[in-house]
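These values consider heavy atoms only, across backbone and side chains, with no hydrogens, waters or symmetry-generated copies.
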Amino acid sequence: MKINNVFKNQFYSLNIVFKYSKSIFFLRLVLSITAGIIPAVIAYIYKLFIYNIGEFLVDNVILCLIILGGVIIFNSFLSSIIDYHLGFKIDCLRNKLKFDINEKISKMDYEILFDSDTKTKIEMAKYAANNDIILNYINSVYSLISSVIGIVSVGYILSSLSLWFLLVLLILLILKMLVSYTNRKRGYQFQEKIAPINKEIFYYMGVFSNDAFANEMRMNSTAKIIVSKYENLLYKSNGIFKKFSKFILKNNLLRNIIYVLEQILFYGFLAYQMLYNNMSFADFTMCISALGIISNNFKNAIDNIIQCITNSLYVDHLRDFMNIENKIAVDNKGILINEIDKKTENVITIENVSFTYPFTQKLILKKVNLTFKKDNFYVVVGRNGAGKTTLIKLLCRLYDPIDGKINYFNENIKNIEYRSYRNNIGIVFQNYQYYEMSIAENVALDKYDGSDEVKSKIYASLAKAGLKEKIDSLEKGILTQLGTSFCKEGILLSGGELQKLALARVIFSDCSIAILDEPSSALDPIAESELIDLFKKRLENKMVIYVSHRLSVASIADKVIFVNNNTIQGFDTHDNLMKNDNEYYKLYYSQASKYKI
């Protein structure tokens, strides 16, 4: 760990606090200064108090007691007021750091997010947030300031003592520092080794509580293999933990021996001064107090330096993670959708596009060429693994092709501000996820402001999506809570109703492109047919791309995109493909035969 890197991380952490709340920054500094000065002041008051008792100066004794009480009350009152003022703000800062990490994850390019190195950085960043590394780092910095002030303020009191005594005491304190440093360093190394294992453990723990695996767990005895893997990981982590614990045990024993030597030296020297150098009882008392303070401050200073160095390692990971730069999702880079000339009827053109997922060699799509026109209904079909979903990800610019380009009205989508481009696409995924918020918020998302105008548009969108009767039957209408986790009066929607809710979101967004990625795969054939008719009717003024592994929907398409062998084998009407493409013909009838009576 380079020293300049520790200072950079200190500045980074202090900057986070300063930007969030200047009061946290300055009030903690005030506490640090008072915490460093007041113990020395109290030690000196004790000396005067004992001296005046010895001289029978009653008035001075009373005055010392009054001053002592005043200092203690002032310090306690000041600390209480500052702690009261900072308590809620620090808690909010703690939550903000966690939210910042999660927000960063939600905006990451898929290419970066699914990289194994990024996964490890995310794990370490979350560890830093969940264990208050930044706040602990800041506390260590302020405590170090307090300790240094304390050492300086008490230094004058001890300046008359033997230089050799202070030197030996310093050596013992440095030895304790080295022991503590090796403990912290080994603790960091332990965390680095255990982080990848914990990542797997948390995954398997999550499987047990994930509703998506509920049926599998009960029907296929999946729990056995999960438990087996979980136990193997625990055994592996236990081995690492035992080695770490043995090392810490040895170091703690050494630290205790050094502490005993320090105490023997400490009290032995003062006893010698009393017996042979005529040290007064008042000075003796003050020195005991002062030596205790300086020893404690020196220990705290060393611990805080070590803590800063150790925390700096974690802050490194947090900084590395927060400094990861997207290649696609870059704010305010590129032109906006409304600045593009849209006179041509070709909405999207794909030119010689090839794609392979990062860190793999296999081509998922090869030399794809397609043209999508205004107000047309396209159906993308093909066998599983043919590349249908990958094509959609490229159209949404969740990935960029490795070769070729995708144009939106003759403008390469790489030149368009990513958020502006994605906001122009309304998408309904196979497993539509609702949020535990009101129906209105689920439809309008960040556009919901509670205004009558927005509410009216939400209701109209839900009505067009076929949910008018459902909404009218609810006491709170569009303000009804979805889900029951936070509200007993919340409701649960069926699979078909959720798909209609997703459609309402697309209608509300006023997008020009709608992408429906296997939206009816979980529905029965009748419900699927009704949903497809509803989609086609309500999205007739948009360019629609409907992805399905069922070819039954292909007959209503203006054009069918047949993905096969990782390329576009056919791009024509359903009837023409049935006549001219033998593979398409066989795939269609292999499915149709299953519906014959």
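- Rounded to the nearest 0.5 Å, atoms OG1 (Thr389) and CD1 (Ile364) are 11.0 Å apart.
- Side-chain contact between Phe562 and Asp572: absent, with no pair of heavy atoms (C-beta onward) separated by less than 4.5 Å.
- For the pair Tyr378/Tyr546, no side-chain contact is recorded, criterion being any heavy-atom separation below 4.5 Å from C-beta on.
- Rounded to the nearest 0.5 angstrom, Lys393 NZ and Tyr110 OH are separated by 6.5 Å.
- Between the side chain of Thr356 and the backbone N or O of Lys362, at least one donor-acceptor pair lies under 3.5 Å.
- For the pair Ser456 (side chain) and Asp452 (backbone), a donor-acceptor distance under 3.5 Å is absent.
- Asp581 and Gln569 share a side-chain donor-acceptor pair at under 3.5 Å.
- Looking only at distances, no side-chain donor or acceptor of Asp403 sits under 3.5 Å from a matching main-chain atom of Ser354.
- Atoms CG and CG, from Leu587 and Asn564 in turn, are 8.0 Å apart once rounded to the nearest 0.5 Å.
- Although no hydrogens or angles enter the test, the distance criterion places no donor-acceptor pair under 3.5 Å between the side chain of Asn424 and the main chain of Ser420.
- Judged by the 6.0 Å distance and 45° axis criteria, Lys559 is positioned over the aromatic ring of Phe571.
- In this model, a donor atom of one side chain and an acceptor atom of the other lie less than 3.5 Å apart for Ser494 and Glu497.
- At a threshold of 4.5 Å between non-hydrogen side-chain atoms, the residues Val547 and Val379 do not count as touching.
- Between Cys396 and Ile515, some side-chain heavy-atom pair lies under the 4.5 Å cut-off.
- One side chain, Asp316 or Asn9, offers a donor N or O that lies under 3.5 Å from an acceptor on the other.
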If you apply the rule ring pair (Phe, Tyr, Trp, His ring centres under 6.0 Å), what do you find for Tyr127 with His317, and how did you get there? CA-CA 10 Å; Tyr127 177 88; His317 286 291; 9.8 Å; no
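- Ionic pairing of Asp100 and Lys96 is present here: one or more N-O contacts between side-chain nitrogen and carboxylate oxygen are shorter than 4.0 angstrom.
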Could you give me the CA-CA distance, side-chain angles and deciding distance for Asn352 and Asn369, then say whether side chain to side chain donor-acceptor pair (under 3.5 Å) is met? CA-CA 5 Å; Asn352 293 316; Asn369 290 280; 3.1 Å; yes
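- Using a distance-only test at 3.5 Å, with no hydrogens or angles considered, a donor-acceptor pair links the side chain of Asp109 to the main chain of Ala329.
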Audit row: Asp575, Thr573, side chain to side chain donor-acceptor pair (under 3.5 Å) steps and yes/no: CA-CA 5 Å; Asp575 291 339; Thr573 64; 5.6 Å; no
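- The shortest heavy-atom contact between Ile112 and Lys327 is CD1-N, 4.4 Å.
- Under the 3.5 Å distance criterion, with hydrogens and angles disregarded, no donor-acceptor pair is assigned to the side chains of Asn565 and Thr567.
- Applying the side chain to side chain donor-acceptor pair (under 3.5 Å) definition to pairs two or more places apart or across chains, those involving residues 460-469 are Lys468-Asp472.
- Between Phe409 and Ile348 the shortest side-chain heavy-atom distance does not fall below 4.5 Å.
- Looking at Thr371 and Asn346, their side chains never bring a donor and an acceptor atom within 3.5 Å of each other.
- Every residue meeting the salt bridge (Lys or Arg N to Asp or Glu O under 4.0 Å) condition with Arg94, not counting sequence neighbours, appears here in chain and number order: Asp91, Asp132.
- To the nearest 0.5 Å, atoms NZ (Lys236) and CD (Glu231) are separated by 16.0 Å.
- Legend: salt bridge (Lys or Arg N to Asp or Glu O under 4.0 Å) pairs involving residues 369-381, not counting sequence neighbours, sorted by first then second residue: Glu345-Lys373.
- Using cut-offs of 30° and 60° for the angle between ring planes, the Phe355 and Tyr357 rings count as perpendicular.
- With 3.5 Å as the limit, one finds no donor-acceptor pair spanning the side chains of Thr349 and Tyr408.
- Between the Lys542 side chain and the Phe377 main chain, no donor and acceptor come within less than 3.5 Å of each other.
- The shortest non-hydrogen separation linking Val553 to Ser548 is CG1-CB, 3.9 Å.
- A cation-pi arrangement is found for Lys457 relative to Phe508, the charged atom lying closer than 6.0 Å to the ring centre and inside a 45° cone about the ring normal.
- Taking CD1 from Ile324 and CZ from Arg319, the interatomic distance works out to 13.5 Å, rounded to the nearest 0.5 Å.
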